Structure formats: C-alpha cells, structure tokens
Trainee: 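Okay, handing you the structure first.
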Amino acid sequence: MTKWFCLKKNSNNASTSTTTTSTTIPSSLVSDLDKLNITEERLKRYADEANTLSSDTTLLSKSENLLKFEAKVLREKAISKTLNKIKLSMKVDLCFVLDCTGSMGPHIAAARDCILQVTNYIKRTNSSIELRVGFCGYRDHNDYSGRLRIFDFTNQGDKFIKYMQGVSAFSLPEDDDLPEDVLGGLDAAITQMDWQNTTRVLLHIGDYPPHGRCFTTLEDDKYPYGDPNGLTAENVLEKMQKKNILYFFGKITNETDQMLEIFRGIIGEFPVFDLVGGDPIKLIEKFIKATSSSITYAVSLTSTLGSNPKEMYSLQRKKLEMCPDEPDWNSLSLQKGVVMWYLIPKTLDGIKDPRYFSKSNLFSKSFYFKIASQPFSAGVEKYAYYGRDVKSYPTKEMVIKEYLNDGKQNNPLEKYLEAVEISTVAYFLSEEFNFIARKKKIPKVNFLGVKLLRSGTVDLCTKYYTVEPRLKDAEYKRFNANTGVITELRPALEAFAHFTYEYTKGYLVVCDLQGIELNDEFLLTDPAIHCVDPLRFGRTNFGGNGIKQLFLANHRCNEICKKLKLNQIKK
C-alpha cells in the first residue's frame, strides 16, 4: 500500500512527519527521513566532491544562505577545472598498429581508405575533437630491416594516406610460421612514437598472436619460448599504461583469443571489434565504425576520468570482476525493503523549483525482492546487479544499482534521492517531448521509472539502492555523454536534448543518453543534467558553462529539430 510522507514545519523550523495512511512502513525509515536535512547534506557533499573541504567541515553550523554561497563557489571552481580537462581530452592521438604480413593486404588498404571518412564523421558529429593519426606496422623477426614501419603522428590526413599507399603486405619465404612480432610492433608504437595529446588511442589489428606457448596452441612456432628480444606482454602493456594509452583490438581470426585473454588479465576489459575481411566495401565500413568508436569511447572515458592511468585502468580491471550471467534465483534469499519515488511535477515551475523535490512529495511502498550477489556491470559511479520484484505477477526483472563508496560517505540516502530526482525531471521532459513527437511521427524518447530502494535485511545494516525495470531484447548503447561527446549519432536524441534546453528556457539540458533503441522509440536510463544552478543534479552537472561549451557549441540542428520548430542554435 502506498504511503505519502507529509512534512510540516514546527516552531523551531525542524521537519516533522505525519502520515495519511497506516501501513507497514518501518519506523526506522520514518526516523531516517525525519533526521535528513536534504539541503545541508547535499551542500556538504558537493563541497567534499569539489575536493576542497575536509570531511570534518564545519559548514553545517552556518546559515543556509552562507552554506549555499560557499558551496556554489566551490562547485563553480570544480566545474571550471573539469571543463578545462574535458577541453584537453578532445585532443586525440590515434595510432593504427597493423600486422603487415602477407594475409593483411585488405586490412592495410581499409586503414588507409577509412581515415578521411572517419575524420569527416568526427568533424560532423564531434566538432570539438582534434585528431592526429599515426601508423606502426610489424611483420616477423625474420624480416629484419622490414620488420617494423613507423609513421609518426600527423594532423593531415592526406599525408597519412600517401604514406599508407607505400605500405604493402608481404612475408619472406623463410617466415613460414603463423605467430608474428606482435609485441615488437606494440612496443615500437608505444616507445618510438611522439604521443602528445591527452586522449591516446592504440587500435591494434592482427590475425595471429605473438610467439610463445602462452599465447597460442599452434605447433608451428619458431620461438615457442616467447619473444627472442625479451619482450613480454607484461612489460609492454605496463609501458602502455604509464603513457595513458588506451588499447583497442580489431579481431580477424579466433587465433588471437588466447592473446586477448592474457592482455585482459593485465590491463582489464577493452573493446574488441569484428574486422573479418571479405567484401572490401564492408571491410572499410567496419574500419570506419571501429575507428570512430575507439576515438569517441576514449574521449568519453578520458573526459570523465581525466588522464590518470590508475583511474582509467582500474575501471577496466573492475569490469573483469563482473558476473554477466543470470544468477540462480532459487539460491538467493528473499529480502524486504521499501521503495520511494517522487510525484511527477505537473508544470515546468515544479521542475525548476528544487524545493519541489522535498520529503513532502515522496511516496513509498513495501518491496520484496532478490538481488544477485555480484554485479553484472560497473560504471564510473555505480555497480549494477540483476534483481527481481518477487511479489509482482508475473515476476518483474529489475536492475538494482549501488553507488561506489567514495571513502567519505557510505551509502548516503540524500545521494540516492538526487538520482531519483534526475530521473523524474528527465521523465517529465520526455513526456512533454513525446506529446509532440506522436503527432509528427518522431521516435519517442522514454525514460525508465527509477525508485529509491531501502533495504535493512542484509546483516541488519540499512542499505540504499536505485531500482528500475531491466532492459532486454536489444543492445545497450551509450548515445552521447555529459561531456558533449556523441558516441552513437541519433538525430532524435540530439533533438530531444535541444528540446529540453528550449522547453526549460535555457535552464537545463538532459544529456548522457543511454539505453536501447527500438523501432519507434528509445528506452533510456541514467541520464545526466546540466543546469544553470550548480547546486542541483550532482557532480555530473557542469552548470551554465557546461551548457554553453558542451551542448550549444557542439549541437548541429537536424531535420527533427526542424520538425519540432526548435530555434536554430547559432555558433
């Protein structure tokens, strides 16, 4: 049964709770909400996240107005610093590392022929990205002087193409085994090329692994004990990590599977692209997609985490710990909790008024669920677990998400309420968008309903999560990021972001759009919001300057913007 928390102010300005219905909501939850001062706790967290004040700050003893002023100053400083990092992350070094032995002719040609199309695509979708491209080709140890070929980075695509026209695929007659000098090629690209830009992409393409029994079960290997020059995967990839270079692989045969597992064990998970040959035109299309995806993925990661190699590679290693398989639900214990959500505002004024998202507009009901013991996915901020709403009929498949512990605050209720607030705002704006989209036959944009889940049955310890329906039957994609990077261009979603800016009269932009794409709609989750008020919507809100630099400066109005009669955004 649903229960509404009504908050009234008493004489000393403290919040007291009364309820309109009698339910089995635990008294401890009522107590938690009574003690929660959302404004103070949120401002203190914002100050902590700005890495300026210590965790024992005395800000809470000050007046609310002074607290807001100081927190705003800290947030704006942090945002300015972040925007500078994002600007630097848009400068990209891209190096193709290619096997140049006899079987690789079509792939060398595809690398050469795709670069102008990639450059034009990047300019069209992400005009802030500046690209330098280079090349390192490798063969095998018996090829002596022709073993390595290096073309250092240039920002002129025609020079790259001209150089690649002179690169051919061949093998000497005595080079009759299948493994190649993979480690030599990677090492040369890492150590002999002039890496300068903040975002560094190494796209490795090959059909066979390095020499050594650890990499392959192929019997025909002239160097079964490994690289004759003493290189190992560990020392090569360690150099790569120290230089903040992100690794991507283009897969041609299954012979590289063992190599990829070893590489993952050292640097963590990384994207692998299908580059199986055949039709030359389709191969070029695959190269364009792999190259463009590598660039936008790397820029998005670098702009989010910075160029700190520890943070970048710890996230990739963290992904190796995930359990992608569905759990055995019969072996998991039934848990009882409470879910909470905000009443959807009826007007734009409700969206723009932070006081609307107070305890007085919070609803709750009891919730019986099961949760997997291990997460199936990890992002920069959250773990995601498989879950089930076991009391619904039929049983509903859910995703239950938990914030990573930042070492300062353990599972704060206020932070989860903020996540529900962001979801509620995005949901309201998508409904306004869809009202027009239905009439004009534009794909709908729908956001999953997100609730806060409070559980107190695990080790008698109160825990908070967010919970939402599970997306199925389609590939999960990130279409754009809150840093302004478009990773998968979808005109309807770019028009939706434009709509949110215009509908709110420049107050906010909904971004970081991710989820699944169906025939006539998108189902999205975990958005971010840039807002002119820096004291709303969390650390992923980059304020008014974020709107200007990351949205307005990059947005290109499309046909759907025109259908919606949105004002042209002028550069």
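Only a predicted model underlies this, so the values are computations on that prediction, with no experimental measurement involved.
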Trainee: Any sub-3.5 Å donor-acceptor pair from Lys243's side-chain atoms to Ile190's backbone N or O?
Mentor: yes

Trainee: Does the Tyr383 side chain pair with the main chain of Ile400, one donor and one acceptor, at a distance under 3.5 Å?
Mentor: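 No, the answer is negative, given that no donor and acceptor are paired below the 3.5 Å cut-off.
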
Trainee: Any chance you could measure Met240, atom CE, to Ile267, atom CD1, to the nearest 0.5 Å?
Mentor: 4.0 Å

Trainee: Should His530 and Phe551 be marked as a ring-ring contact (aromatic ring centres under 6.0 Å, His included) after you check the CA-CA gap, both sets of side-chain angles, and the distance that decides it?
Mentor: CA-CA 9 Å; His530 295 319; Phe551 173 67; 9.0 Å; no

Trainee: With rounding to the nearest 0.5 angstrom, report the CD1 to CG distance, Ile108 to Asp113.
Mentor: 11.5 Å

Trainee: Rounded to the nearest 0.5 Å, what separates atom CZ in Phe151 from atom NZ in Lys162?
Mentor: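 One gets 10.0 Å once the value is rounded to the nearest 0.5 Å.
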
Trainee: Counting only heavy atoms not in Lys87, do more than 12 fall under 6.0 Å of its NZ?
Mentor: no

Trainee: Could you check if a side-chain atom of Phe522 sits within less than 4.5 angstrom of a side-chain atom of Phe479, using non-hydrogen atoms only?
Mentor: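 Yes, their side chains come closer than 4.5 Å.
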
Trainee: Side chains of Val399 and Phe376: does their closest heavy-atom pair fall under 4.5 Å?
Mentor: yes

Trainee: Mind checking the CE-CZ spacing from Met104 to Arg139? Nearest 0.5 Å is all I need.
Mentor: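 Between Met104 CE and Arg139 CZ, I get 11.5 Å after rounding to 0.5 Å.
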
Trainee: Quick one: does Gln258's side chain get under 4.5 Å of Pro209's, heavy atoms only?
Mentor: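 Heavy-atom side-chain distance check fails, nothing below 4.5 Å.
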
Trainee: Are Tyr163 and Thr154 close enough, and set up right, to give a side-chain contact (heavy atoms from CB on, under 4.5 Å), and what steps lead you there?
Mentor: CA-CA 11 Å; Tyr163 177 83; Thr154 179; over 6 Å; no

Trainee: Got a salt bridge between Arg264 and Glu269, using NZ or NE/NH1/NH2 to carboxylate O under 4.0 Å?
Mentor: yes

Trainee: Is it the case that the side chains of Thr540 and Asn482 hold a donor-acceptor pair, with the cut-off being a distance below 3.5 Å and no angle test?
Mentor: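 No pair is found: no donor N or O on one side chain lies under 3.5 Å from an acceptor on the other.
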
Trainee: Assess, by modelled atom type and distance only, whether the side chains of Glu494 and Asn480 contain a donor and an acceptor separated by less than 3.5 Å.
Mentor: yes

Trainee: Under the side-chain contact (heavy atoms from CB on, under 4.5 Å) rule, what do Phe135 and Arg112 come out as? Steps first, then yes or no, please.
Mentor: CA-CA 10 Å; Phe135 171 80; Arg112 177 193 68 221; over 6 Å; no

Trainee: Do Thr191 and Lys239 pass the side-chain contact (heavy atoms from CB on, under 4.5 Å) test, and can you show the C-alpha distance, the side-chain angles, and the key distance before you say yes or no?
Mentor: CA-CA 8 Å; Thr191 62; Lys239 295 174 192 174; 3.9 Å; yes

Trainee: Is it true that the side chains of Tyr385 and Glu402 contain a donor and an acceptor less than 3.5 Å apart?
Mentor: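 The criterion, which ignores hydrogens and geometry beyond distance, is satisfied for Glu402 and Tyr385.
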
Trainee: Aromatic contact between Phe263 and Tyr247, with the criterion being ring centroids under 6.0 Å apart: yes or no?
Mentor: yes

Trainee: Does the side chain of Asn235 come within less than 4.5 Å of Asp187's, by heavy atoms?
Mentor: no

Trainee: Determine the minimum heavy-atom distance between Ser89 and Thr199, stating which atoms define it.
Mentor: O-OG1, 2.6 Å

Trainee: When you measure from the side chain of Lys286 to the backbone of Val276, do you find a donor-acceptor pair of N or O atoms at a distance under 3.5 Å?
Mentor: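 Yes.
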
Trainee: Side chains of Met259 and Pro210, heavy atoms from C-beta outward: is any pair under 4.5 Å?
Mentor: yes

Trainee: Quick one: do Met90 and Val485 satisfy side-chain contact (heavy atoms from CB on, under 4.5 Å)? Show the steps, please.
Mentor: CA-CA 9 Å; Met90 299 297 166; Val485 178; 3.7 Å; yes

Trainee: Between Val509 and Thr500, is any pair of side-chain heavy atoms under 4.5 Å apart?
Mentor: yes

Trainee: Please walk me through it: do Glu238 and Lys242 pass salt bridge (Lys or Arg N to Asp or Glu O under 4.0 Å)?
Mentor: CA-CA 6 Å; Glu238 183 179 341; Lys242 286 182 177 179; 3.5 Å; yes

Trainee: What distance separates Lys123 NZ from Glu130 CD, expressed to the nearest 0.5 Å?
Mentor: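 Taking NZ in Lys123 and CD in Glu130, the distance rounds to 10.5 Å.
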
Trainee: Side chains of Phe499 and Val445: does their closest heavy-atom pair fall under 4.5 Å?
Mentor: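 Phe499 vs Val445: side chains apart.
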
Trainee: Taking only Lys NZ, Arg NE, NH1 and NH2, and the carboxylate oxygens of Asp or Glu, determine whether Asp257 and Lys251 approach each other closer than 4.0 Å.
Mentor: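 Salt bridge present between Asp257 and Lys251.
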
Trainee: Measure up the His141 and Tyr223 rings against each other and bin them: parallel (under 30°), tilted (30 to 60°), perpendicular (over 60°).
Mentor: perpendicular

Trainee: Please indicate whether Tyr427 has more than 12 foreign heavy atoms, meaning atoms of other residues, nucleotides or ligands, lying under 6.0 Å from its OH.
Mentor: no

Trainee: Salt bridge check: are Glu285 and Lys289 linked by an N-O gap of less than 4.0 Å?
Mentor: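 A salt bridge is absent here (no side-chain N lies under 4.0 Å from a carboxylate O).
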
Trainee: Below 4.0 angstrom, N of the basic side chain to O of the carboxylate: do Lys222 and Asp140 qualify?
Mentor: no

Trainee: Check Asp274, Asp99, Asp207 against Ile252 for a side-chain contact (heavy atoms from CB on, under 4.5 Å) and give me the one that passes.
Mentor: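 Option passing the side-chain contact (heavy atoms from CB on, under 4.5 Å) with Ile252: Asp207.
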
Trainee: For the ring pair (Phe, Tyr, Trp, His ring centres under 6.0 Å) test, which of Phe270, Phe249, Phe273 pairs with His204?
Mentor: Phe249

Trainee: Determine whether a donor-acceptor pair (N or O, by modelled atom type, separation under 3.5 Å) exists between the side chain of Ser293 and the backbone of Ala290.
Mentor: no

Trainee: Looking only at atom types and distance, does a side-chain atom of Asn120 sit under 3.5 Å from a main-chain N or O of Leu116, one as donor and one as acceptor?
Mentor: yes

Trainee: Once rounded to the nearest 0.5 Å, what's the spacing between atom OH of Tyr121 and atom CD1 of Ile288?
Mentor: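 If we round to the nearest 0.5 Å, Tyr121:OH and Ile288:CD1 are 10.5 Å apart.
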
Trainee: Are any non-hydrogen side-chain atoms of Leu550 and Leu83 less than 4.5 angstrom apart?
Mentor: yes

Trainee: Got a salt bridge between Lys318 and Glu321, using NZ or NE/NH1/NH2 to carboxylate O under 4.0 Å?
Mentor: no

Trainee: Evaluate whether atom NZ of Lys477 has more than 12 neighbouring non-hydrogen atoms of other residues, nucleotides or ligands under 6.0 angstrom away.
Mentor: yes

